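This chain uses plain numbering: 1 for the first residue, then up along the sequence. Quantities reported herein were computed from a predicted structural model and do not represent experimental measurements.
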Amino acid sequence: MTTAGIRLATLGLILAAGALVAQEQRVSSAWTPSTPQEQGKPRGYVEYQKFCSQCHGEGVGRPGTLALSDKYKGKKPALLEARKDLTPAIVKLFVRNGVSVMPFFRKTEISDKDLDAIAAYLSRDNRR
């Protein structure tokens, strides 16, 4: 293969990789469905519904709520929105690092600003 052919092939691979990255950025994850901005609701509530409620919401089939229910056995609420002992730091720690069966979430999945809003929302009733 000539030098020009190698350069052309390399350029083709670079363009194809760039197209794949661009396509990946446009596809939304099943874990982060679009949630319309809700009028009159705090940002943390909206982001919590968008990123967290699929696992930590109320109702049947919410693995995060079920796991916390099994762990706390009624000593603490299993529903995160009902907790009064959460701090912003602990919320951020669990989201960024994961815990038990909960996966970690990168900054490319949940931005720092979105996580700050979620942490503020979940710690709003903290009495400490």
Cluster link L115 to V99, ILVMFWY, side chain under 4.5 Å = yes
Would you call the rings of Y48 and Y121 parallel, tilted or perpendicular if under 30° counts as parallel and over 60° as perpendicular?
-> tilted
Side-chain touch [X]/[Y], heavy atoms, less than 4.5 angstrom:
X: M102; Y: H56; answer: yes
X: R83; Y: L80; answer: yes
X: K113; Y: R43; answer: yes

Report the residues that fulfil side-chain hydrogen bond (donor to acceptor under 3.5 Å, both in side chains) with K76, sequence neighbours left out, ordered by chain and then residue number.
-> D85
Between [X] (side chain only) and [Y] (backbone N and O only), is there a donor and an acceptor less than 3.5 Å apart?
X: R62; Y: S53; result: yes
X: S69; Y: T65; result: no
X: R124; Y: E81; result: yes
X: N126; Y: L86; result: yes

Rounded distance [0.5 Å steps], OG in S123 versus CD1 in I118 | 11.5 Å
What residues, two or more places apart in sequence or in another chain, satisfy salt bridge (charged side-chain N to carboxylate O under 4.0 Å, His left out) together with K73?
-> D70
Should the pair K75 and Y72 be classed as cation-pi, given the thresholds of under 6.0 Å to the six-membered ring centre and 45° from the axis?
-> no
Distance-only donor-acceptor hits, side chain of residues 89-97, under 3.5 Å, sequence neighbours excluded:
{"from": "K92", "atom 1": "NZ", "to": "D116", "atom 2": "OD1", "distance (Å)": "2.8"}
{"from": "R96", "atom 1": "NH1", "to": "F105", "atom 2": "O", "distance (Å)": "2.9"}
{"from": "R96", "atom 1": "NH1", "to": "R106", "atom 2": "O", "distance (Å)": "3.3"}
{"from": "R96", "atom 1": "NH1", "to": "I110", "atom 2": "O", "distance (Å)": "3.0"}
{"from": "R96", "atom 1": "NH2", "to": "I110", "atom 2": "O", "distance (Å)": "2.8"}
{"from": "R96", "atom 1": "NH2", "to": "D112", "atom 2": "OD1", "distance (Å)": "2.9"}
{"from": "N97", "atom 1": "ND2", "to": "L93", "atom 2": "O", "distance (Å)": "3.0"}

Please determine if K50 and D114 form a salt bridge, counting it only when a charged side-chain N lies under 4.0 Å from a carboxylate O.
-> no
